[in-house]
Amino acid sequence: MILITGATGQFGNAAIQFLLEKGVKANHIKALVRTEEKKEKLRGLGIEIAIGDYDNLGSLVNAFKGIEKMLFISGSDISQRISQHENILSAAKTAGIQYVVYTSFQRKNESETSPLWAIAQSHIHTENLLKSSGLKYSILKNNLYMDFLPSFIGDKVLEIGSIFIPAENGKVAAVLRSEMAEAAAEILSNENHRESIYEFTNSEALSYQTIADVISVNTGKKIHYISPSVEDYKNTLSQFGLLNEAIGIFSSFAIAQAIGELDNTSNDLEKILGRKPTSIREFLKNIYPSESTQ
Ligand code: NAP
């Protein structure tokens with residue numbers, strides 16, 4: 001039996017769909033959902049559903065009974081993530097789960113000086129716990145979800161004619177979330193894939209200058225790239241009405257990209273998918289098509 005945590009979320013839901021597509025029987029899949037009401041979202045798939053909250057160790061031990069493999073999807077509440085993840089791994093050990101696939105995050109700087117420390121800290125802690133747990137595991141070091149790139153590029157890029165982000169000449173090797181979920185399902189369903197660490201990146205990393213050039217060519221509209229100071233960026237986001245928390249997240253990711261934290265290309269994902277992942281260039285073509293195809 002394979003258990004998927006975060007099953008009502010986008011990564012978890014996609015992983016379940018891919019497991020079913022790969023021929024895993026519905027009655028061999030169990031989804032972890034937070035509350036009784038959340039069950040509704042997964043009804044109709046024929047899979048089993050268990051209730052458990054990352055904050056409640058007892059609920060997790062109960063939900064994990066009889067599970068052999070687990071896709072452990074990192075929690076979305078960053079301030080609570082360390083204790084939540086400790087609960088999950090403690091419950092996994094108590095319940096006798098044999099193999100854990102954990103969705104982690106790419107980074108180079110593993111110290112408090114990292115602009116992404118708030119995010120990286122709990123992933124590093126969880127990875128260390130997994131490594132010393134005695135459980136068999138695979139860690140998926142996921143690059144940025146490519147689905148989020150338009151938010152960094154800016155919603156009004158075509159109207160304004162520029163990308164405004166302090167990412168300097170840094171590159172990002174973002175990947176479609178659905179393709180990382182597909183690879184996670186492949187790892188869980190195929191015994192041939194059991195590496196301890198996978199680097200899930202795209203095959204080519206692009207800078208925002210190249211992204212601007214690609215959008216210019218696709219749309220026929222010249223898009224400029226401006227890399228302002230971080231202070232100017234924060235002030236501009238504030239003028240657009242963004243809340244401080246969002247400004248902090250966007251700025252941290254921009255700085256991380258500027259210093260190359262997400263500039264890493266590996267063929268791990270290509271090997272598991274059996275094809276190259278959707279490139280950032282293809283993605284941009286779909287999101288910002290030429291005027292003649294609109
Ligand atoms: P998502 O759609 O927000 O899904 C998060 C899932 O975790 C939901 O099913 C949510 O359940 C569940 N969850 C959160 N807290 C929980 C708790 N206390 N107990 C039980 N379940 C809980 O996120 P996603 O897009 O699928 O991404 C999966 C994870 O990847 C995120 O949680 C985050 O850690 C990470 N992430 C990575 C990137 C990247 O660029 N690589 C970007 C964003 C996030 P509910 O439906 O009940 O809320």
Side-chain angles (χ1 to χ4, degrees), residues 3-18 30-43 45 47 49-64 70-92 101-107 115-116 118-127 139-152 172-185 198-202 205 245-246 249-250 252-254 256-257 261-262 264 269 277 280 283:
L3 179 118
I4 312 295
T5 76
T8 49
Q10 308 206 56
F11 194 110
N13 204 269
I16 291 170
Q17 304 287 350
F18 282 114
K30 200 172 194 178
L32 183 82
V33 302
R34 217 195 287 227
T35 58
E36 193 69 39
E37 302 79 67
K38 296 262 176 177
K39 279 183 169 178
E40 206 46 51
K41 214 172 165 187
L42 299 166
R43 218 175 284 289
L45 292 175
I47 62 173
I49 301 179
I51 298 196
D53 192 314
Y54 293 0
D55 286 311
N56 182 334
L57 178 62
S59 73
L60 297 174
V61 173
N62 206 29
F64 293 176
M70 168 166 76
L71 175 57
F72 168 9
I73 293 185
S74 50
S76 43
D77 183 350
I78 292 172
S79 66
Q80 298 305 314
R81 211 154 57 175
I82 287 188
S83 64
Q84 291 181 339
H85 288 189
E86 287 174 352
N87 282 343
I88 292 175
L89 291 182
S90 167
V101 177
Y102 172 62
T103 63
S104 191
F105 191 63
Q106 291 263 310
R107 75 263 160 183
L116 293 177
I119 290 168
Q121 184 182 19
S122 48
H123 284 305
I124 293 167
H125 182 74
T126 309
E127 288 183 17
I139 292 167
L140 315 181
K141 287 193 170 168
N142 293 345
N143 204 292
L144 180 73
Y145 291 164
M146 192 148 66
D147 317 60
F148 289 167
L149 263 190
S151 304
F152 291 104
V172 58
V175 177
L176 280 180
R177 172 173 39 208
S178 61
E179 290 188 329
M180 295 198 265
E182 180 181 348
Y198 291 99
E199 303 277 344
F200 279 177
T201 74
N202 220 311
E245 195 190 350
I249 291 173
F250 275 105
S252 307
F253 269 94
Q257 290 175 86
E261 282 287 303
L262 299 173
N264 177 24
L269 189 56
I280 301 175
F283 174 76

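Ligands are counted one by one from 1 in listed order, and the atoms in each one are counted from 1 as well. What you see below is based on every heavy atom in this structure, not just the backbone, and it leaves out hydrogens, waters and symmetry mates.
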(message) Below 4.0 Å, non-hydrogen atoms only: which portion of K38 touches ligand 1? Side chain, backbone, both or neither.
(response) side chain
(request) Determine whether the side chains of S83 and Y54 contain a donor N or O and an acceptor N or O closer than 3.5 Å. (result) no
(message) Parallel, tilted or perpendicular, judged at 30° and 60°: which one describes the rings of Y102 and F72?
(response) tilted
(message) Need the ligand 1 atom indices (1-based, order shown) with element for anything under 4.0 Å from a heavy-atom of I73.
(response) 28 (C), 29 (C)
(message) Quick check: G6 and ligand 1, any N/O pair under 3.5 Å apart?
(response) yes
(message) Which heavy atom of A14 sits nearest to which heavy atom of A181, and what is that distance?
(response) CB-CB, 3.7 Å
(request) Could you walk me through whether H125 and E86 pass the side chain to side chain contact (heavy atoms under 4.5 Å, CB included) test, one step at a time? (result) CA-CA 9 Å; H125 182 74; E86 287 174 352; 2.7 Å; yes
(request) Could you tell me whether the side chain of I78 reaches within less than 4.5 Å of the side chain of I119, counting heavy atoms only? (result) yes
(request) Report yes if F11 has an N/O atom closer than 3.5 Å to an N/O atom of ligand 1; otherwise report no. (result) yes
(request) Starting from atom 2 (O) of ligand 1, locate the nearest protein heavy atom and write down its residue, its atom name and how far away it is, to 0.1 Å. (result) Q10 N, 3.0 Å
(message) Which residue and atom name correspond to the protein heavy atom nearest atom 3 (O) of ligand 1, and how close is it?
(response) S76 CB, 4.3 Å
(message) As a quick check of understanding, evaluate side chain to side chain contact (heavy atoms under 4.5 Å, CB included) for N87 and N56, giving each step before the final call.
(response) CA-CA 7 Å; N87 282 343; N56 182 334; over 6 Å; no
(message) Can you name the atoms of ligand 1, numbered from 1 with element, that are less than 4.0 Å from a heavy atom of L144?
(response) 40 (O)
(message) Can you confirm, on distance only, whether ligand 1 has an N/O atom lying under 3.5 Å from any N/O atom belonging to Y54?
(response) yes
(request) Report yes if some N/O of M180 lies less than 3.5 Å from some N/O of ligand 1; otherwise report no. (result) no
(message) List ligand 1 atoms under 4.0 Å from Q84, heavy atoms only on the residue side.
(response) 18 (N)
(request) Please confirm whether G9 comes within less than 3.5 Å of ligand 1 when only nitrogen or oxygen atoms on both sides are compared. (result) yes
(request) Just jot down the salt bridge (Lys or Arg N to Asp or Glu O under 4.0 Å) partners of R107, sequence neighbours excluded, or say none. (result) E110, E127
(message) Just to confirm my output: which protein heavy-atom neighbour is closest to atom 25 (O) of ligand 1, and how far is it?
(response) R177 NH1, 2.7 Å
(request) Do me a favour and list the nearest non-hydrogen protein atom to atom 40 (O) of ligand 1 with residue, atom name and distance? (result) Y145 N, 2.8 Å
(message) Which residue and atom name correspond to the protein heavy atom nearest atom 31 (C) of ligand 1, and how close is it?
(response) S74 O, 3.5 Å
(request) For residues L32 and A63, report the shortest heavy-atom separation together with the two atoms involved. (result) CD1-CB, 3.5 Å
(request) Identify the protein heavy atom lying closest to atom 43 (C) of ligand 1, giving its residue, its atom name and the separation to 0.1 Å. (result) F148 CE1, 3.5 Å
(request) Examine the side chains of E199 and Q106 and answer whether a donor and an acceptor come within less than 3.5 Å of each other. (result) yes
(request) Run the contact test for G52 against ligand 1 with a 4.0 Å cut-off on heavy atoms, strictly below, and give the result. (result) yes
(request) Heavy-atom contacts with G75 under 4.0 Å: which atoms of ligand 1 show up? List them by number with element. (result) 32 (O), 33 (C), 34 (O)
(request) Run the numbers for me: atoms of ligand 1, each under 4.0 Å from some heavy atom of F105, listed by number. (result) 39 (C), 41 (N)
(request) Report yes or no: does a heavy atom of D53 sit under 4.0 Å from some atom of ligand 1? (result) yes
(request) Return a yes/no value for R81: is any of its N or O atoms, backbone included, closer than 3.5 angstrom to an N or O of ligand 1? (result) yes
(message) If only side-chain N and O atoms count, and only distance matters, is there a donor-acceptor pair under 3.5 Å linking Q84 with D77?
(response) no
(request) Check whether any side-chain heavy atom of Y145 lies under 4.5 Å from a side-chain heavy atom of M180, and answer yes or no. (result) yes
(request) Compute the shortest N/O to N/O distance between R34 and ligand 1 and return yes if it is under 3.5 Å, no if not. (result) yes
(message) Side chain, backbone, both or neither: which applies to T8 and ligand 1 if a contact is any heavy-atom pair less than 4.0 Å apart?
(response) both
(message) Can you confirm whether L45 sits close enough to Q17 that some side-chain heavy atom of one is under 4.5 Å from a side-chain heavy atom of the other?
(response) yes
(message) Quick check on atom 48 (O) of ligand 1 - does any protein heavy atom sit closer than 4.0 Å to it?
(response) yes
(request) Please state which part of N143 comes within less than 4.0 Å of ligand 1, counting heavy atoms only: side chain, backbone, both or neither. (result) backbone
(message) I need the single residue from T5, I4, N142 that forms a side chain to side chain contact (heavy atoms under 4.5 Å, CB included) with F11. Which is it?
(response) N142
(message) I want to check something: taking the side chain as every heavy atom from C-beta on, are I51 and R34 in contact at a cut-off of under 4.5 Å?
(response) no
(message) Tell me whether the rings of H123 and H85 are parallel (<30°), tilted (30 to 60°) or perpendicular (>60°).
(response) tilted
(message) Tell me whether T103 reaches ligand 1 (any heavy atom closer than 4.0 angstrom to a ligand atom).
(response) no
